[in-house]
Amino acid sequence: MIKQKYIDLLRVEPGKKIHLKDYETGWAQTKDFEEIGKDKLKERANEILQQNLADLTQVQQLLYADDRYSLLIVFQAMDAAGKDGTIKHVMSGVNPQGCQVFSFKKPTAEDLDHNFLWRYMKSLPERGRIGIFNRSYYEDVLVVKVHPELLQNLPDGKRGKSFWEDRYEDINSFERHLERNGTVILKFFLNVSKKTQKERFLERLERPEKNWKFSGSDLAERDHWGDYMDAYEDAINATSTKWAPWYIIPADNKWATRALVADIITSTLRDLDLKFPEVTEAQLKTLTEARKILEAE
Ligand code: ATP
Ligand code: MG
């Protein structure tokens with residue numbers, strides 16, 4: 001397990017105003033880490049990842065049996081920050097029957113004809129299960145804020161600061177509603193640097209087996225890097241709550257991202273009061289009788 005004090009550095013305290021530029025995208029998040037050294041830390045991160053994947057298998061089974069909570073995990077990031085790879089690795093240990101991943105792309109005409117939360121509501125995890133949102137309703141205060149022309153047809157009104165503040169409020173209320181109904185929410189912003197994004201884009205262009213991952217629009221969005229960082233900063237500041245905290249995860253090194261995300265998910269589930277349902281007297285009687293019948297065969 002990663003020490004709580006390091007995880008605390010990544011969790012955005014409700015009400016606190018953070019600046020993304022104060023967060024490292026690399027591995028040296030603290031002085032302690034710098035002293036340990038990159039190679040040692042990487043080795044340790046991989047061990048932590050493996051241990052957490054094993055633990056996650058157990059705790060997911062308990063989540064399912066307990067059947068009171070569900071877990072919603074939101075991933076947001078710039079392109080090539082490693083959302084897909086992180087989801088793939090972290091979920092490699094879980095039972096597919098208890099887990100679903102939804103990747104939200106550009107909204108359809110039907111989506112746009114509804115309120116902005118509609119399409120996400122339909123994909124929420126059932127009790128006992130883990131739901132992963134690869135992009136989410138946060139796109140509606142990120143890409144849509146950077147490109148206001150993407151906004152659906154709405155009644156006339158101001159589209160300035162207060163419009164976005166209303167959306168943050170809607171999101172907070174929505175998440176509060178979910179939490180009150182047993183959904184535990186974790187939100188990860190994979191914080192990649194512009195430099196690393198460039199390196200990963202170049203790799204996608206150079207390696208034929210990675211070409212398919214590159215899209216022309218990736219460069220266009222990169223051009224809006226500053227606007228995106230502002231939009232992320234505003235959204236994170238407005239929506240990191242006690243019931244749905246944001247974690248800002250360094251994403252320039254995949255080993256660090258994966259170990260941190262796996263650790264936060266596993267320890268969040270472990271901290272819930274999950275238990276196997278108690279067997280009632282009547283059930284116990286049925287079990288005893290069933291055993292007698294089988295043994296008498
Ligand atoms: P990858 O590139 O790794 O396959 P991706 O999540 O970037 O994964 P793309 O198909 O490249 O998938 O991009 C999806 C696009 O849809 C993103 O540019 C994203 O901003 C956009 N999008 C998602 N939700 C919305 C939304 N609500 N409104 C407008 N655009 C959205
Ligand atoms: Mg993309």
Side-chain angles (χ1 to χ4, degrees), residues 1-14 29-30 32-33 36 41-76 82-83 85-102 124-134 136 175-176 178-190 240-251 254-279:
M1 261 181 78
I2 299 173
K3 285 197 186 122
Q4 191 60 40
K5 66 172 179 178
Y6 300 129
I7 302 293
D8 287 346
L9 291 174
L10 307 174
R11 191 197 300 106
V12 177
E13 285 315 309
Q29 198 70 33
T30 69
D32 302 4
F33 285 176
I36 295 170
L41 205 59
K42 183 173 175 181
E43 201 179 300
R44 187 75 195 98
N46 284 328
E47 284 165 16
I48 287 172
L49 176 63
Q50 291 317 319
Q51 182 60 54
N52 273 309
L53 294 188
D55 290 358
L56 193 54
T57 309
Q58 302 286 321
V59 83
Q60 181 204 10
Q61 206 185 356
L62 198 51
L63 178 78
Y64 191 82
D66 179 275
D67 202 29
R68 289 179 299 156
Y69 296 96
S70 57
L71 176 65
L72 172 65
I73 309 173
V74 169
F75 284 96
Q76 283 292 157
K83 283 185 281 112
T86 304
I87 293 170
K88 188 170 117 190
H89 271 80
V90 172
M91 290 302 128
S92 61
V94 308
N95 178 350
Q97 289 209 63
C99 174
Q100 247 183 319
V101 182
F102 294 92
L124 290 169
E126 295 161 56
R127 221 172 288 288
R129 290 171 208 253
I130 300 176
I132 297 177
F133 282 5
N134 182 351
S136 65
E175 292 179 339
R176 188 73 212 256
L178 296 180
E179 187 255 355
R180 285 179 170 146
N181 284 273
T183 303
V184 176
I185 305 170
L186 290 174
K187 302 182 295 200
F188 297 110
F189 169 55
L190 305 191
S240 198
T241 53
K242 213 161 81 267
W243 57 90
W246 272 107
Y247 291 88
I248 300 176
I249 306 289
K254 291 174 180 172
W255 49 268
T257 312
R258 290 168 190 173
L260 287 163
V261 169
D263 196 83
I264 294 167
I265 296 173
T266 311
S267 51
T268 301
L269 285 176
R270 216 189 279 117
D271 288 348
L272 294 175
D273 56 335
L274 297 175
K275 45 188 181 284
F276 287 108
E278 273 181 37
V279 183

Which residues satisfy the side chain to side chain contact (heavy atoms under 4.5 Å, CB included) test with [X], sequence neighbours excluded?
{"X": "R270", "answer": "M1, N52, D55, T266, S267"}
{"X": "A256", "answer": "N253"}
{"X": "D271", "answer": "none"}

**Message:** Tell me every residue that passes ring pair (Phe, Tyr, Trp, His ring centres under 6.0 Å) with F188, counting only those two or more places apart in sequence or in another chain.
**Reply:** F75, Y247
**Residue list, ring pair (Phe, Tyr, Trp, His ring centres under 6.0 Å) with Y69, at least two apart or on another chain** = none
Looking at every non-hydrogen atom in both residues, tell me the closest pair between [X] and [Y] and how far apart they are.
{"X": "A251", "Y": "T257", "value": "CA-OG1, 3.3 Å"}
{"X": "L269", "Y": "L274", "value": "O-CD1, 3.6 Å"}
{"X": "R68", "Y": "K275", "value": "NH2-NZ, 3.7 Å"}

**Prompt:** Can you find a side-chain donor-acceptor pair between Y6 and D32 that sits under 3.5 Å?
**Reply:** yes
**Request:** Start with the C-alpha gap between K5 and D8, add the side-chain angles, then the distance that decides, and say whether salt bridge (Lys or Arg N to Asp or Glu O under 4.0 Å) holds.
**Result:** CA-CA 5 Å; K5 66 172 179 178; D8 287 346; over 6 Å; no
**Request:** Sort and list the pairs that fulfil salt bridge (Lys or Arg N to Asp or Glu O under 4.0 Å) and have at least one residue in residues 254-264, not counting sequence neighbours.
**Result:** none
**Rounded distance (nearest 0.5 Å) linking atom CD1 of I48 with atom CD of Q50** = 11.5 Å
